[in-house]
There are 2 protein chains.
Amino acid sequence: MTRTDVALAQPSVAQTADATRVAVSTVIFTLRRLPGSERFSVALPLVTRTRDPHEGQWALPGGWLDHGESLEAAASRTLAETTGLAPSYLEQLYAFGAVDRSPTRVVSIVYWALIRADEIPDGSVENTAWFDATTLPPLAFDHNEIVDYALWRLRNKVGYSRIAHGLLADEFTLAELREVYEAILDRRLDPANFRRQVEGSGTLIPTDRFRTGSHRPARLYRYNQDVELAERGPLSTRH
Amino acid sequence: MTRTDVALAQPSVAQTADATRVAVSTVIFTLRRLPGSERFSVALPLVTRTRDPHEGQWALPGGWLDHGESLEAAASRTLAETTGLAPSYLEQLYAFGAVDRSPTRVVSIVYWALIRADEIPDGSVENTAWFDATTLPPLAFDHNEIVDYALWRLRNKVGYSRIAHGLLADEFTLAELREVYEAILDRRLDPANFRRQVEGSGTLIPTDRFRTGSHRPARLYRYNQDVELAERGPLSTRH
DNA sequence: GCAAAAGTGTTAGGCATACACCCATGG
DNA sequence: CCATGGGTGTATGCCTAACACTTTTGC
């Protein structure tokens, strides 16, 4: 009898019940403006489990690792299969392998990802719903702890890399970039100092275009493609 | 026919030849004073592979994940079995899962570790030898890339955590602590500024004892146990 | 004109760097 | 007493935070 620790997934190769199996899950973050609030907040999609264990509970999107695919490819595939999403940024988070994290032995390689609101397909996907990252219900398995760790990593990494750009369109104003930082860090940033810091970092290229529509027009910027999105050291070019 | 991607290891549960298997390897660093040199340099142990693939080549110590043990326990166990070492610091590095990294499908959860020179048992262990981390021979599988990434992580982490203490005895002088930093970062540090930085960080407690024997005696310090060895966020208390 | 956001200027404080200098011990 | 590492003092420059101020638009 086969059990899964992720939703909507089935093993693709024959496995004995006693063997350790490898699953891949993804914590994928986006920003959304809550109704009634001016600020953005971090949200993520969860899927309902359709079988035991934890049937009916919410869980991270994921599935089994196929024999012929890399870990990152498995993360992308299972994310697309369960939620229809294709993230703009994807990075390995951690491998979870406690013996008792699932009734059967499962090692989960967890990825975390970013996606812009406009990249999310219209219309809801079956069994999928978006939740505020700070007020999650009890999730299946150790997925609450996994989300906590992913949030910690996101907040950490926004301080020393350009991952915030993974949540923005090609062109954006400094205010929009600042709102991304404010949502992730959950605190206000001084617009003047923020401008100087980010302008001095060399990661932004000013354009000739302006965002108009309210008050004084704001200059649009684009990414400097020469700068890495995130420092990953010797792994930056591989998977 | 069973193949392994780590030395001196054998699967403990029946596996089909086609199934993806989970291995655990460890990059364990120590410091040693090279003959003729005043400075310390980073070294790590490798084991010779005793079977195909890559028979005869040097590889990271490791082995298969047992069905009933956690990832970290597997790292500790396989490290002890192959090298006889029990590290003072152990942290997960990355999960490597490229399809072509081994003739059979193997996902390797790699840990990295620190050990003091005085914790290394006397007498050489069979098939094990220590290498300078910066001048390694071609290793089996993707182990060269893994070591590069572990070195990058070590150098990064020494800047924002206290992991250097994992390479020192309970009591140590500031010069000894500075030598650890200099070896890892491979550059000289100003003794005066280093002292102020580390004294101001609150991680050290001065003792009444002094290291004597040459010139002016140097005060011995010990760790402040209240401060985490390394920030791991929500994972700091678990495995 | 007025409100509000875009954008600039200025100051104070903290921290890293560089380096001059004094202290204490072994030989 | 002298060489050497232990340890202190201090000036400089950079970066951050705080906030006053000017500019430019919509209404």
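Naming: A, B, ... by sequence-line order, numbering from 1 per chain. Remember, it's a predicted structure, so these values are computed and weren't measured experimentally.
Smallest separation of non-hydrogen atoms from Pro138(A) and Gln57(A): O-NE2, 3.3 Å. In this structure, Thr82(A) and Thr128(A) approach most closely via the heavy-atom pair O-OG1, 3.2 Å. Asn144(A) and Leu139(A) get closest at one heavy-atom pair: OD1-N, 2.7 Å. Annotation for Ile115(A) and Ser88(A): closest pair CA-OG, 4.1 Å, computed over non-hydrogen atoms.
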Could you pull out the protein-nucleic contacts involving nucleotides 23-27 of chain D (nitrogen or oxygen on both sides, under 3.5 Å)?
residue, atom, partner, partner atom, Å
dT23(D), O2, Arg216(A), NH1, 2.6

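At a non-hydrogen distance threshold of 4.0 Å, nothing from residues 170-179 of chain A comes into contact with DNA chain D. Within residues 190-201 of chain A, the residues having any heavy atom under 4.0 Å from DNA chain D are, by residue number, Asp190(A), Ala192(A), Asn193(A), Arg196(A), Gln197(A).
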Next item on the list: Could you walk me through whether Glu182(A) and Arg188(A) pass salt bridge (Lys or Arg N to Asp or Glu O under 4.0 Å), step by step?
Entry: CA-CA 6 Å; Glu182(A) 289 179 342; Arg188(A) 293 280 185 188; 3.6 Å; yes

Go through it in stages, so that I can follow the logic: the residues are Asn193(A) and Arg196(A), the test is side chain to side chain donor-acceptor pair (under 3.5 Å), and I'd like the CA-CA distance, side-chain angles, deciding distance and then a yes or no. CA-CA 5 Å; Asn193(A) 296 327; Arg196(A) 265 183 296 258; 3.0 Å; yes

Inset, instruction - Please assess Val107(A) against Ile109(A) for the test side-chain contact (heavy atoms from CB on, under 4.5 Å), listing each intermediate value before the final yes or no. - result: CA-CA 7 Å; Val107(A) 171; Ile109(A) 318 294; 4.2 Å; yes

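By the 4.5 Å heavy-atom criterion applied to side chains, Phe96(A) and Ile146(A) are counted as neighbours.
Note on ring orientation: taking the six-membered ring where Trp is involved, the planes of Tyr94(B) and Tyr149(B) are perpendicular (angle over 60°, cut-offs 30° and 60°).
Side chains of Arg178(A) and Thr173(A): no donor on one and acceptor on the other come within 3.5 Å. For Thr203(A) and Asn224(A), the side-chain atoms include no donor-acceptor pair closer than 3.5 Å.
To the nearest angstrom, C1' of dG7(D) lies 15 Å from CG of Leu220(B).
Note: Tyr221(B) and Phe172(B) fail the aromatic proximity criterion, with ring centroids not under 6.0 Å apart. A distance of 6.0 Å or more separates the ring centres of His165(A) and Tyr89(A).
Helix bend of the helix from dG1(C)-dC27(D) to dG27(C)-dC1(D): the angle between its two end axes, each built from five pairs, comes to 10° after rounding to 10°.
Residue pairs meeting the salt bridge (charged side-chain N to carboxylate O under 4.0 Å, His left out) criterion with at least one member in residues 198-215 of chain B, sequence neighbours excluded, are Glu171(B)-Arg209(B), Glu176(B)-Arg211(B), Arg195(B)-Glu199(B).
In summary, Glu38(A) and Arg33(A) do not engage in a salt bridge, as defined by a charged side-chain N under 4.0 Å from a carboxylate O.
Nucleotides of DNA chain C with any atom under 4.0 Å from a heavy atom of chain B span, from 5' to 3', dA16(C) to dG26(C).
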